[in-house]
Amino acid sequence: MAELNIQMKLVSVNEVSFMMAQSKAGEDFDPATMQMGFTSQVQPDVEKDIFALVFGVRYDVAGETVLESIYKFVFEVKDLKQFVVFNDDKSVTVNHIMPHLLNVAVGTMRGILVVKTAGTVLSKFPLPMIDVARLNTILSTSR
């Protein structure tokens with residue numbers, strides 16, 4: 001099998017939306033009731049070799065959203081067209097690079113949440129270590 005030479009760089013990270021309602025997660029809430037979810041949307045521009053990944057995380061406590069953070073990560077990917085397939089049903093298939101992009105997004109989101117939740121009860125719940133290959137599969141099949 002030929003080795004892929006993937007050349008890419010992170011160009012920008014921009015906040016799409018951020019909401020924190022820490023009052024819903026008071027000091028006495030049961031951490032076992034917290035659930036975490038992720039969302040993503042891909043926006044490839046193969047003509048410009050630009051790949052935008054809109055990535056978000058949400059924390060729910062007892063069924064109520066207490067934190068939602070969504071950021072747009074823009075990457076420059078050399079010869080992007082070799083990694084992207086536009087399907088007839090308007091969906092997009094991304095080959096080989098998605099785990100790398102998700103690694104950057106998750107790590108960056110972890111740092112953002114550490115700063116944004118500092119001094120709140122939610123600071124006790126940073127993003128856990130995440131298997132991005134599994135996350136990629138889950139996000140890909142949930143579309």
Side-chain angles (χ1 to χ4, degrees), residues 1 4 6-143:
M1 185 162 116
L4 281 176
I6 302 172
Q7 296 179 28
M8 63 182 156
K9 67 179 180 178
L10 180 62
V11 176
S12 66
V13 179
N14 295 296
E15 185 175 274
V16 174
S17 66
F18 184 84
M19 182 282 298
M20 183 167 55
Q22 67 176 1
S23 61
K24 293 180 182 178
E27 293 289 337
D28 58 347
F29 84 94
D30 179 4
T33 65
M34 181 177 286
Q35 294 185 326
M36 187 180 309
F38 298 94
T39 184
S40 73
Q41 178 188 26
V42 297
Q43 301 170 344
D45 184 340
V46 295
E47 299 300 319
K48 295 180 182 177
D49 283 345
I50 297 294
F51 190 96
L53 171 64
V54 179
F55 180 77
V57 63
R58 187 173 78 209
Y59 290 12
D60 290 341
V61 173
E64 290 200 51
T65 301
V66 295
L67 183 140
E68 185 172 64
S69 182
I70 302 172
Y71 279 77
K72 183 176 185 176
F73 299 83
V74 178
F75 299 87
E76 185 178 300
V77 182
K78 186 174 181 179
D79 199 19
L80 178 61
K81 65 182 169 279
Q82 71 177 320
F83 303 111
V84 176
V85 176
F86 295 95
N87 303 307
D88 291 337
D89 66 357
K90 305 270 191 235
S91 66
V92 177
T93 301
V94 182
N95 297 305
H96 306 293
I97 62 172
M98 233 13 234
H100 302 289
L101 303 176
L102 283 171
N103 259 330
V104 171
V106 168
T108 304
M109 185 69 78
R110 185 177 288 114
I112 290 167
L113 291 179
V114 164
V115 171
K116 292 249 189 190
T117 63
T120 73
V121 68
L122 295 175
S123 68
K124 298 174 187 171
F125 303 96
L127 281 180
M129 297 304 292
I130 296 170
D131 177 350
V132 294
R134 185 167 177 248
L135 178 61
N136 183 40
T137 300
I138 291 167
L139 290 172
S140 296
T141 57
S142 66
R143 294 187 202 291

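Excluded from the calculations below are hydrogen atoms, water molecules and symmetry mates; all remaining heavy atoms, backbone and side chain alike, are included. Everything numeric here is computed off the predicted structure, so don't read it as measured data. Note that the numbering runs from 1 along the sequence shown for the chain.
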Visitor: Provide the closest heavy-atom pair for K116 versus M20 in the form atom of the first, atom of the second, distance.
Guide: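 Closest pair (atom of K116, atom of M20, distance): O-CE, 3.5 Å.
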Visitor: Which atoms form the tightest heavy-atom contact between V54 and I70, and what is the distance?
Guide: CG1-CG2, 3.6 Å
Visitor: For residues L53 and S40, report the shortest heavy-atom separation together with the two atoms involved.
Guide: CD1-CB, 4.0 Å
Visitor: Does atom CD of Q35 have more than 12 heavy-atom neighbours from other groups under 6.0 Å away?
Guide: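 No, because the 6.0 Å sphere around CD of Q35 holds 12 heavy atoms or fewer from other groups.
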Visitor: Could you pull out all residues at least two apart from D89 that satisfy side-chain contact (heavy atoms from CB on, under 4.5 Å)?
Guide: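 side-chain contact (heavy atoms from CB on, under 4.5 Å) list for D89, sorted by chain: N87, S91.
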Visitor: Should I50 and V74 count as side-chain neighbours, where that means a heavy-atom distance under 4.5 Å?
Guide: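 In short, these two side chains touch, coming nearer than 4.5 Å.
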Visitor: Calculate, to the nearest 0.5 Å, the distance between atoms CG and NZ belonging to L80 and K48 respectively.
Guide: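 Separation between the atoms: 13.0 Å.
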Visitor: Test F125 against T120 for side chain to side chain contact (heavy atoms under 4.5 Å, CB included), laying out the working first.
Guide: CA-CA 10 Å; F125 303 96; T120 73; over 6 Å; no
Visitor: Within this structure, what is the CG-CE distance for the pair L67 and M34, rounded to the nearest 0.5 Å?
Guide: 8.5 Å
Visitor: Would you say the side chain of I97 lies within less than 4.5 Å of the side chain of F75, judging by non-hydrogen atoms?
Guide: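 They are not in side-chain contact.
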Visitor: Show every donor-acceptor pair shorter than 3.5 Å between a side-chain atom in residues 99-110 and any protein atom, with sequence neighbours excluded, or say none if there are none.
Guide:
unit_1: T108; atom_1: OG1; unit_2: V104; atom_2: O; d: 2.8
unit_1: R110; atom_1: NE; unit_2: L127; atom_2: O; d: 3.0
unit_1: R110; atom_1: NH2; unit_2: P128; atom_2: O; d: 2.7

Visitor: Give every residue pair that meets the ring-ring contact (aromatic ring centres under 6.0 Å, His included) criterion with at least one member in residues 38-66, sequence neighbours excluded.
Guide: F38-F55
Visitor: Would you compute the distance between atom CG of D49 and atom CE of M8 and round it to the nearest 0.5 angstrom?
Guide: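 Answer rounded to 0.5 Å: 12.5 Å.
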Visitor: As an exercise, state the distance from CD1 of I6 to NZ of K78, rounded to the nearest 0.5 Å.
Guide: 13.0 Å
Visitor: Could you tell me the separation between the CD atom of E68 and the CE atom of M19, rounded to the nearest 0.5 Å?
Guide: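 Between E68 CD and M19 CE, I get 6.0 Å after rounding to 0.5 Å.
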Visitor: Could you state the interatomic distance from OG (S69) to CD1 (I112), rounded to the nearest 0.5 Å?
Guide: 6.0 Å
Visitor: Do V92 and P44 touch side chain to side chain, with heavy atoms closer than 4.5 Å?
Guide: yes
Visitor: Anything under 30° is parallel, anything over 60° is perpendicular, the rest tilted; go ahead and classify Y71 against F73.
Guide: tilted
